[in-house]
Amino acid sequence: MLQRSIWVFSLAIVTSATDIIYYNCTCQGPYCSDKTCIGRTCFVTEQIVSDSRDIRTDRGCFNNSIYEQCSSNLDMLKVLCCFSEFCNENVTMFQTEVEKPQEISLLLVTVLPIVLFVIFLMLFAFLFWKIKQSRRKKSLPRLIDFGHADIVNASIVGDSTLGDLLDCTTGSGSGLPFLVQRTVARQVTLVECVGKGRYGEVWRGLWQGENVAVKIFSSRDEQSWFRETEIYNTVLLRHENILGFIASDMTSRNSSTQLWLITHYHDNGSLYDYLQRTTVDPEGCLQLALSIICGLVHLHVEIFGTQGKPAIAHRDLKSRNILVKSNKQCCIADLGLAVVHTQNEDYLDIGNNPRVGTKRYMAPEVLDETIRTDSFESYKQTDVWAYGLVLWEICRRTIINGMVEDYRPPFYDMVPHDPSFEDMKKVVCVDQQRPNVPNTWSSDKILSSLMRIMRESWYQSPSARLTALRIKKTLNNLKNSLEQRKQDC
Ligand code: ADP
Ligand code: MG
């Protein structure tokens with residue numbers, strides 16, 4: 001009943017899209033790392049959370065000037081956006097309505113007695129009818145009330161599907177308003193554990209009959225949850241080759257904190273899982289490679305304008321952090337280590353996650369610690385290195401002339417199972433070794449092109465490597481020329 005009575009009220013002020021003004025805003029809520037934040041829009045969200053009519057307030061900022069978040073039409077939120085320094089500091093919305101002056105008390109005095117009298121009459125009539133019924137059908141079990149629980153549950157998000165919910169919130173971030181995220185998260189049922197990562201577990205869950213993936217972070221990796229939540233909530237990251245974000249939630253259970261990240265679920269699992277059990281033909285290999293580089297380019301580029309996004313480098317690209325969708329396209333997951341850059345202010349946000357990337361995929365400059373940590377370009381160059389290694393993993397599982405290699409992780413024949421930093425450094429920096437590229441690959445047009453890309457992603461000197469954009473263009477050209485040739489035949 002309570003959720004049914006949640007009110008919606010929203011107000012958005014839209015300013016000129018061309019002037020980019022940033023404001024200091026008050027930040028309050030589980031997504032805040034500080035008491036203030038800087039953004040293009042300050043916001044306040046409010047929800048009545050219990051019968052006591054407690055008001056739960058979150059404050060913060062949106063970094064894109066997109067205002068749909070400010071005008072959610074879901075029956076559960078009250079959102080206010082404003083555009084001046086700390087304008088969201090002392091704003092309250094429900095209180096002003098709750099405290100609506102004398103009108104309310106006047107209404108109470110006149111209408112309330114009548115309402116009470118009518119309720120009393122109805123109750124009396126109901127009781128009378130009930131007694132009569134029970135006398136008549138003494139043998140039948142007691143009638144159960146209408147599916148009360150179901151009505152309450154459905155009222156929270158209506159009959160919406162995930163698609164409906166995500167479609168109507170193309171806000172400043174990639175997801176739903178915070179309180180909707182929390183509500184969705186708390187309606188998820190965990191079904192089965194589908195993976196254990198270094199720092200947590202991934203479960204298949206169900207939300208209103210739809211599969212979702214729930215990543216449960218261990219408490220020692222809370223910074224990854226925080227970072228990923230922050231990026232998905234402040235950057236518009238909807239792209240077919242980036243794992244789709246649904247909700248993020250922090251709950252307290254048995255005095256410990258539980259951190260959840262809910263995303264789209266992909267039945268094929270990670271590219272690592274997929275390559276263990278499947279082989280591909282050269283076209284399939286190209287499709288996997290092209291989809292990954294499209295995702296990486298979308299992360300790497302800064303897009304300007306109202307639907308824009310900052311540039312992002314992933315820093316932990318590997319086959320386990322890439323998922324294979326049912327259409328055999330990949331999407332990139334795990335933004336827990338990502339760094340964010342905006343050109344205008346030359347602002348590099350490295351976050352403060354103590355986690356480091358996966359040693360097996362570390363570029364030489366990371367291993368010998370010569371990487372220029374103050375330059376955003378450096379991080380993109382390490383992603384390209386890792387992309388080359390992923391490409392090598394895919395190519396090994398590609399059938400050429402009826403031949404295919406077993407799945408192996410990069411450097412499998414040069415370092416032990418769980419290599420140390422020193423093991424990797426010796427192989428990659430001191431001995432300057434690279435994964436072995438079999439001669440058979442050069443007999444295929446696609447694989448020989450991918451071989452060249454690998455080699456140019458593995459230069460010792462980071463600046464000599466290809467850029468993600470260059471790789472995307474090369475692979476697109478390759479795909480187009482193959483399609484053209486097919487049409488000509
Ligand atoms: P790691 O820490 O090794 O990167 P993750 O915690 O990101 O691993 O994920 C562990 C495993 O869970 C993945 O390798 C994959 O098999 C599975 N997984 C992760 N996300 C999803 C998803 N959205 N859909 C299906 N399976 C997933
Ligand atoms: Mg991962």
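One-based numbering, in listed order, for ligands and for the atoms of each.
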Looking only at protein heavy atoms, which one is nearest to [atom], and how far off is it?
| atom | answer |
| --- | --- |
| atom 24 (N) of ligand 1 | His266 N, 3.0 Å |
| atom 4 (O) of ligand 1 | Asn321 OD1, 2.7 Å |
| atom 1 (P) of ligand 1 | Gly197 CA, 3.8 Å |
| atom 20 (N) of ligand 1 | Val202 CG1, 3.7 Å |
| atom 3 (O) of ligand 1 | Arg320 CD, 3.6 Å |

Item to check | Ser248 side chain to Trp260 side chain, donor-acceptor N/O pair below 3.5 angstrom | outcome: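 Per modelled atom types, Ser248 and Trp260 side chains form no pair under 3.5 Å.
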
Checklist entry - Going through the distances and angles, do Trp203 and Val191 end up as a side chain to side chain contact (heavy atoms under 4.5 Å, CB included)? => result CA-CA 7 Å; Trp203 286 69; Val191 180; over 6 Å; no

Checklist entry - Does an N or O from Lys196, backbone or side chain, lie closer than 3.5 Å to an N or O of ligand 1? => result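 Between Lys196 and ligand 1, no N or O pair is found under 3.5 Å apart.
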
Next on the checklist: Would Tyr265 count as a polar contact of ligand 1, with the cut-off being nitrogen or oxygen pairs under 3.5 Å?
Outcome noted: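 In fact, backbone or side chain, Tyr265 has no N or O that close.
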
Checklist entry - Nearest to atom 13 (C) of ligand 1 by heavy atom, Ser319, Gly200, Ser270: which? => result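 Ranked by closest heavy atom to atom 13 (C) of ligand 1, first place is Ser270.
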
Checklist entry - Hey, mind stepping through Cys25 and Cys42 against disulfide bond (SG atoms under 2.5 Å apart) and telling me if it holds? => result CA-CA 6 Å; Cys25 312; Cys42 300; 2.1 Å; yes

Item to check | Within reach of ligand 1, part of Lys215 (heavy-atom separation under 4.0 Å) | outcome: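 It is the side chain that gets close, since no backbone atom is under 4.0 Å.
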
Next on the checklist: Heavy-atom distances under 4.0 Å decide this one: backbone, side chain, both or neither, for Asp316 against ligand 1?
Outcome noted: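 Under 4.0 Å from ligand 1, Asp316 contributes no heavy atoms.
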
Item to check | Spatial distance of atom CD (Glu405) from atom CD1 (Ile400) [nearest 0.5 Å] | outcome: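 That separation rounds to 8.0 Å.
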
Next on the checklist: Is Lys318 close enough to touch ligand 1? Criterion: a residue heavy atom under 4.0 Å from a ligand atom.
Outcome noted: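 Judged by the 4.0 Å heavy-atom criterion, Lys318 does count as contacting ligand 1.
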
Checklist entry - Which atoms from ligand 1 have a heavy atom of Asp273 less than 4.0 Å away? => result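 Answer for ligand 1: 15 (C), 16 (O).
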
Next on the checklist: List ligand 1 atoms under 4.0 Å from His264, heavy atoms only on the residue side.
Outcome noted: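 Those atoms are 22 (C), 23 (N).
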
Next on the checklist: Tell me whether the Mg ion (ligand 2) has Asp316 as a neighbour, meaning an N, O or S atom of it below 2.8 Å.
Outcome noted: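 So Asp316 does not count as coordinating the Mg ion (ligand 2).
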
Checklist entry - Is a donor on one side and an acceptor on the other found under 3.5 Å between the side chain of Ser375 and the backbone of Arg372? => result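 No, the answer is negative, given that no donor and acceptor are paired below the 3.5 Å cut-off.
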
Next on the checklist: Looking at Cys32 and Cys27, are the sulfur gammas closer than 2.5 Å to each other?
Outcome noted: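 Disulfide present: SG-SG distance under 2.5 Å.
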
Next on the checklist: Assess whether a salt bridge exists between Asp423 and Lys359, defined as any Lys/Arg side-chain N lying under 4.0 Å from an Asp/Glu carboxylate O.
Outcome noted: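 No salt bridge links Asp423 with Lys359.
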
Next on the checklist: Walk me through whether Ser319 and Glu393 qualify under side chain to side chain donor-acceptor pair (under 3.5 Å).
Outcome noted: CA-CA 8 Å; Ser319 51; Glu393 290 174 77; 2.7 Å; yes

